[in-house]
Protein chains: 2
Amino acid sequence: MSTAPAPRREIPDATVARLPVYLRVLRTLLADGVDVVSSEELAEAAGVRSAGLRRDLSYLGSYGVRGVGYDVARLADEIARELGLTQDRFVAIVGMGNLGHALAAYSGFATRGFEVRWLVDNDPAIVGTQIAERCVVALEELTRQDPDGLIVVIATPPAQAQDVADAVVAMGVRSILNFAPCVLTVPDGVEVRKVDLATELQILAFHEQRGRDDLREVNP
Amino acid sequence: MSTAPAPRREIPDATVARLPVYLRVLRTLLADGVDVVSSEELAEAAGVRSAGLRRDLSYLGSYGVRGVGYDVARLADEIARELGLTQDRFVAIVGMGNLGHALAAYSGFATRGFEVRWLVDNDPAIVGTQIAERCVVALEELTRQDPDGLIVVIATPPAQAQDVADAVVAMGVRSILNFAPCVLTVPDGVEVRKVDLATELQILAFHEQRGRDDLREVNP
DNA sequence: CGATGTGAAACGGTTCACAGCT
DNA sequence: AGCTGTGAACCGTTTCACATCG
């Protein structure tokens, strides 16, 4: 028996993807001692249009003051709350190759509210060693942990990525960031985001080529 | 005097962003000895809908055979050509911290048609050393190179990213992949794509939280 | 017959322009 | 007077459904 649909504000995916950028800019402003900002200024700093910014923020509620602007601290808090960042979140990085190794040492996670709590690899020669002051464990070990709110970063070769995904989904993980250049298949309710470095370069290569062709048209 | 507009097919950005995925899948199929594939099968392997896949491919031209499917080798070639991958492309990685170091050693670039040709850092202690069998040079040195078709990967701390961008834009670079968590301002005609790891985690955190809330509604 | 290629409808997101509030 | 919040128009993309053709 399904009741009325949840009255929760449905925030568009495109907006969600921009909230982290706004948050980062707001925190920079805060550090600079700015305490009120207009949609125009914030949009400029975030690289978006002011109308779009106001639309995005309107999904969170009315936190601006007409004729004045937005309270920087207040808005930062609201966005952080909406993103679920009021509680610290934990990250497990699976695959201690070049990339996993660098991610383990990357300071950008900790400074933005994420604690890298587990480093995982299945190579017996690596399990038990220390990387970035953290002990590397086997996947088996990770799957015994509490999956609640845990984000798993997959940095294995593509051939093993699906197996890792299956294993962590089975333990209850519902958020995966995939660096392996392959498509992951997961059940509904599990969110996968992918970062494919070669794909990004290929997209740039396309525009690079198109740009050159355009120049030829004008100036053959 | 401008003549008739170029008859070039205008490929939507959304399609361009998927072409690299199709290409990767097609090359896997090729390696497995598959030589014909239907839109249904290819879409499944690429994680998209078959109708969308057919629409995407239609922008490249009619390379399918009705009642049969697509020739794998032919289609892979067409996509590679469209992406400008028939010529090898060069990459410069600027910033030899953790991330830059890992990217320099990452084999995923070379295997997908990109040669990492320059490693750049401005720390005198690092310039001149070898990383992944390549000598690290100063930014100054990079700016004397031919920018044509060069893609610059920025992996510096955010405070230096804009300066690096300005310098490489000035030398004529028109494609930048930015790993620094900040907004880059560049002139028209320069393409910037960004990869922000913490942002990806924050987007996942949002869905993670929403998922938990949804569970509570059903099962409080 | 079977799978492609594509009009047409549906959708989600962006932009415009201004009403509404401080 | 000034800036936010938003209805409405607009635009790009996705999906449907089927005519088309090998």
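To find a chain, count down the sequence lines: A is the first, B the second, and so on, and within it residues start at 1.
Judged as a salt bridge (Lys or Arg N to Asp or Glu O under 4.0 Å), and not counting sequence neighbours, the contacts of Arg81(B) are Glu78(B). Judged as a salt bridge (Lys or Arg N to Asp or Glu O under 4.0 Å), and not counting sequence neighbours, the contacts of Arg112(A) are Asp196(B).
In this structure, Asn178(B) contributes its side chain and Ala180(B) its backbone to a donor-acceptor pair below 3.5 Å. Proximity of a side-chain donor or acceptor of Asp146(B) to a complementary backbone N or O of Asp148(B) within less than 3.5 Å is detected. In terms of modelled atom types and a separation under 3.5 Å, the side chain of Asp71(A) and the main chain of Val36(A) share no donor-acceptor contact. Side chain of Asp35(A) to main chain of Val72(A): no donor-acceptor pair is present (N/O by atom type, distance under 3.5 Å, no hydrogens or angles). Judged purely by atom type and a 3.5 angstrom limit, Thr28(A) uses its side chain to pair as donor or acceptor with the backbone of Arg24(A).
The stretch residues 72-81 of chain B has no heavy atom under 4.0 angstrom from DNA chain D at all. Heavy-atom distances under 4.0 Å link DNA chain D to Ser38(A), Ser39(A) of residues 35-48 of chain A, given in residue order. Listed in residue order, the members of residues 18-29 of chain A having a heavy atom less than 4.0 Å from DNA chain C are Arg18(A).
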Using atom names, set out every protein N or O paired with an N or O of nucleotides 7-11 of chain D below 3.5 Å, distance rounded to 0.1 Å.
from   : atom 1 : to       : atom 2 : distance (Å)
dG7(D) : O6     : Arg55(A) : NH2    : 2.6
dA8(D) : N6     : Arg55(A) : NH2    : 3.0

Could I get a table of every N or O pair under 3.5 Å where one atom is in the protein and the other is in nucleotides 18-22 of chain D?
from    : atom 1 : to       : atom 2 : distance (Å)
dT20(D) : O2     : Arg66(B) : NH1    : 2.5

Report all side-chain donor-acceptor pairs from residues 149-167 of chain B shorter than 3.5 Å, counting only partners two or more places apart or in another chain.
from      : atom 1 : to        : atom 2 : distance (Å)
Gln162(B) : OE1    : Thr185(B) : N      : 3.0
Gln162(B) : NE2    : Asp166(B) : OD1    : 2.9
Gln162(B) : NE2    : Thr185(B) : O      : 2.9

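Once rounded to the nearest 0.5 Å, the distance linking CH2 of Trp118(A) with CG of Leu139(A) reads 13.0 Å.
For the pair Asp56(A) CG and dG5(D) C1', the interatomic distance rounds to 13 Å; values are reported in whole Å. Arg49(B) places its CZ atom 13 Å from the P atom of dA17(D), with the value rounded to the nearest Å. Residue Tyr59(A) contributes atom OH, which lies 15 Å from atom C1' of dT4(D) at whole-angstrom precision. Spacing between atom OH of Tyr70(A) and atom C1' of dG2(D) amounts to 13 Å, rounded to whole angstrom units.
For residues 80-117 of chain A, every residue pair satisfying the ring-ring contact (aromatic ring centres under 6.0 Å, His included) rule, not counting sequence neighbours, is listed here: Tyr106(A)-Phe109(A). Residue pairs meeting the salt bridge (charged side-chain N to carboxylate O under 4.0 Å, His left out) criterion with at least one partner in residues 46-56 of chain A, sequence neighbours excluded, are Arg18(A)-Asp56(A). The list of ring-ring contact (aromatic ring centres under 6.0 Å, His included) pairs with a residue in residues 154-209 of chain B, not counting sequence neighbours, is empty.
Residues Leu57(B) and Ala51(A) each lie close to DNA chain C; by heavy-atom proximity, the contact nearer the 5' end of the strand is made by Leu57(B).
Once you apply a 4.0 Å limit to the heavy atoms of chain A, the touched nucleotides of DNA chain C run 5' to 3' over dG13(C) to dT22(C).
A salt bridge does not link Arg89(B) to Glu115(B): none of the charged side-chain nitrogens sits closer than 4.0 Å to a carboxylate oxygen.
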(message) Under the criterion side-chain contact (heavy atoms from CB on, under 4.5 Å), I'd like the reasoning laid out for Val37(B) against Glu41(B): C-alpha separation, chi angles, the key distance, then a yes or no.
(response) CA-CA 6 Å; Val37(B) 69; Glu41(B) 297 162 332; 3.5 Å; yes
(request) Under the side-chain contact (heavy atoms from CB on, under 4.5 Å) rule, what do Leu75(B) and Leu42(B) come out as? Steps first, then yes or no, please. (result) CA-CA 11 Å; Leu75(B) 189 53; Leu42(B) 184 51; 4.1 Å; yes
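The closest side-chain donor-acceptor pair between Glu191(B) and Ser175(B), if any, does not fall under 3.5 angstrom.
The closest side-chain heavy-atom distance from Arg193(A) to Ile176(A) is not below 4.5 Å.
Only one option out of Leu26(A), Val21(A), Leu85(A) pairs with Ile79(A) in a side chain to side chain contact (heavy atoms under 4.5 Å, CB included); it is Leu26(A).
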